[in-house]
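In what follows, every chain begins at residue 1, and chains take the letters A, B, ... in the order their sequences are listed.
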Amino acid sequence: MKTANGHVFKYGENVDTDVIIPARYLNSSNPKELAAHCMEDIDKEFIKKMSEGDIIVAGKNFGCGSSREHAPLAIKAAGVSCVIAETFARIFYRNAINIGLPIIECPEAAAAIAAGDELEVDFDTGVITDKTTGASYQGQAFPPFMQAIIDCGGLVNYINRTVV
Amino acid sequence: MGMTMTQKILAAHAGLSSVSAGQLIEANLDLVLGNDITSPVAIHEIEKMKVDGVFDRDRIALVMDHFVPNKDIKSAQHCKCVREFACRHEISNFFDVGEMGIEHALLPEKGLTVAGDVIIGADSHTCTYGALGAFSTGVGSTDMAAGMATGKAWFKVPAAIKFTLTGKPAAWISGKDIILHIIGTIGVDGALYKSMEFVGDGISYLTMDDRFTIANMAIEAGGKNGIFPVDAAAKQYMKEHSARPYTVYEADADAVYDAEYTIDLGALKPTVAFPHLPENTKTIDEVGEIPIDQVVIGSCTNGRIEDLRTAASILKGRRVAKGVRTIVIPATQQIYLQAMEEGLLRTFIEAGAVVSTPTCGPCLGGYMGILAEHERCVSTTNRNFVGRMGHVESEIYLASPAVAAASAVTGKLSGPADVVLE
Ligand code: SF4
């Protein structure tokens, strides 16, 4: 599979779906429109400063709150290549897998990696390398059934392949 | 090894004699739910799937509740998309303006959720139906699409936390105070990935409306679901609302729990969650002077008839404080009608509150009560995240209907005992 390379935007614990994509924008489901407001209520500069491929690193319970799939969609459409967190809220975790946004749980990486660091993430092995500090971390690999969904490119393709 | 109540329901729906925590299963679904925000995304996804329609037109519920009557052109387009889908696939449980209510109040009222069901909904508060002894959990739109297409969903069988509720609740203690107390104790990720199983003699003192409120907020502790045993009150509720047969599951005596908590309901005090997380709780005697600008009484957490009765009992013969916009939102048309017949709406209006048609409205900052910079709201809703009800510099204090109504009268965060002298 592929690797992700990018600079880190770092956030704290319990980053909720209301700050990832505020409800006032949920009258749209267009990924590009959503991306324009991604992280707006926690970090107004995020969309201006980030470049394609950058990586979000955060503390525990990332994506808590609403079930809105608009949250991982906004992050993915903004060009984020991977989200690393200590833990993810369960609906966000499911949604991210289902729409093909790579996410990795790794408490050590979430604690140690600093904003602005340059990372390389290997999705095959789950290894996260901090090129700025030289440190590397072993992230949690996906359970096999989730790997199958990812290998198919998301749940829709997975169903198209298995149900029909 | 024994199974929890949740595990037994999941095992039965996966066609397995037993399951254990962490196991991945595929379960048959009794109901798939979506609303006006999440369904359009799901409809877009199902249209990409090579499937012929939906798995069962009677087991899908589509509820237009968040932005209806539509607040702007985009939300109108969303509802139109769902309406056309519902029409095309002859979805029997499509609820639009005039029939709709807030989904988690509406579905049990319509008898669509009963004990023993497995239900997924593209809305995080789908966990509400655990009050009836069902397994229900929130998912995203792609899961909803897959559920509508196949009638199945993948689950990781959750481990459990047991909450033993004991004794009779103290005066003014409602389901909201109990669940806020629990979230304050275990934190917003205290039950992450787990089922919250409520047991104990204290449950017999709780009305079904109290239990819906408690199960509703399981997600605010990170829980996958919250679930109650099926007792006489639950059976009576289902008898009154549903013609569907139900199945009662009970936890095994040797079921395994990751943690256990005992809560003495008699010792609780009215509890408020301060900004900006539901875990930031204080009891009413600790809150200090917090002047407020708005009160919201409604939502899938506390927009049911008993919530309105409690609020009305405090507002009767009183006026809301000058400058406190007080917004009351009955959760369904049926509740609205009942509140009218009981004279509650008159009480609210005479007190200086407004009464809205059923909608989620301000709960998620959609419309009908958006907060400006530095404004404060006491709300019976379930989330007080940054910007949830409007400006990022506004504040939400989560509380019971009794605390919300008392605060409306005094103009500051207050307990019912400050207003009603008995
Ligand atoms: S009332 Fe609030 S929490 Fe409940 S479904 Fe509506 S927006 Fe969601």
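Of the listed residues B/Asp36, B/Val41, B/Ile46, the one with more heavy-atom pairs under 4.5 angstrom with chain A than any other is B/Val41. With respect to chain A, the highest number of heavy-atom pairs below 4.5 Å among B/Ser141, B/Ala122, B/Ser75 belongs to B/Ser141. The residue among B/Thr126, B/Ile219, B/Val188, B/Ile370 with the most heavy atom pairs within less than 4.5 Å of chain A is B/Val188. Counting heavy-atom pairs closer than 4.5 Å to chain A, the top residue among B/Val392, B/Val386, B/Val139 is B/Val139. Of the listed residues (B/Leu277, B/Leu192, B/Thr38), the greatest number of heavy-atom pairs within a distance under 4.5 Å of chain A belongs to B/Leu192.
Under the 4.5 Å side-chain criterion, counting only non-hydrogen atoms from C-beta, B/Lys74 is in contact with A/Glu33. Taking the side chain as every heavy atom from C-beta outward, B/Met49 and A/Tyr158 never approach each other to under 4.5 Å.
The contact list for residues 142-149 of chain B toward chain A, using heavy atoms and a distance under 4.5 Å, reads B/Thr142, B/Asp143, B/Ala146 by residue number.
If you measure heavy-atom distances from A/Tyr93 to chain B, the contacts under 4.5 Å come from the side chain alone. With a 4.5 angstrom heavy-atom cutoff, B/Leu364 touches chain A via backbone and side-chain atoms both. Neither the backbone nor the side chain of B/Asn382 comes within contact range of chain A; no heavy atoms are under 4.5 Å apart. Contacts between A/Thr17 and chain B at a heavy-atom distance below 4.5 Å are absent for every atom of the residue. Only the side chain of B/Phe67 has a heavy atom closer than 4.5 Å to any heavy atom of chain A. Heavy-atom distances place both the backbone and the side chain of B/Ile37 under 4.5 Å from chain A. With a 4.5 Å cut-off on non-hydrogen atoms, A/Asn27 touches chain B through its backbone and its side chain both.
Between atom CZ of residue B/Phe385 and atom CD1 of residue A/Ile20 there is a gap of 10.0 Å, rounded to the nearest 0.5 Å. The distance from the CG atom of B/Asn35 to the OG atom of A/Ser67 is 7.0 Å, given to the nearest 0.5 Å. Interatomic distance, B/Arg383 CZ to A/Ser66 OG, rounded to the nearest 0.5 Å: 6.0 Å. Considering CZ of A/Arg94 and OG1 of B/Thr137, their distance stands at 8.0 Å, rounded to 0.5 Å. Rounding to the nearest 0.5 angstrom, the gap separating the CD atom in B/Glu220 from the SG atom in A/Cys64 is 8.0 Å. Distance check: B/Asp189 CG to A/Glu13 CD gives 7.5 Å after rounding to the nearest 0.5 Å.
The ring-ring contact (aromatic ring centres under 6.0 Å, His included) check on B/Phe274 picks up B/Tyr397, with sequence neighbours excluded.
A donor-acceptor pair is defined here as one N or O able to donate and one able to accept, closer than 3.5 Å; no such pair exists between the side chain of A/Arg24 and the backbone of B/Gly387.
The side-chain hydrogen bond (donor to acceptor under 3.5 Å, both in side chains) test with B/Arg388 singles out one residue from A/Asp41, A/Asp16, A/Asp18, and that residue is A/Asp18.
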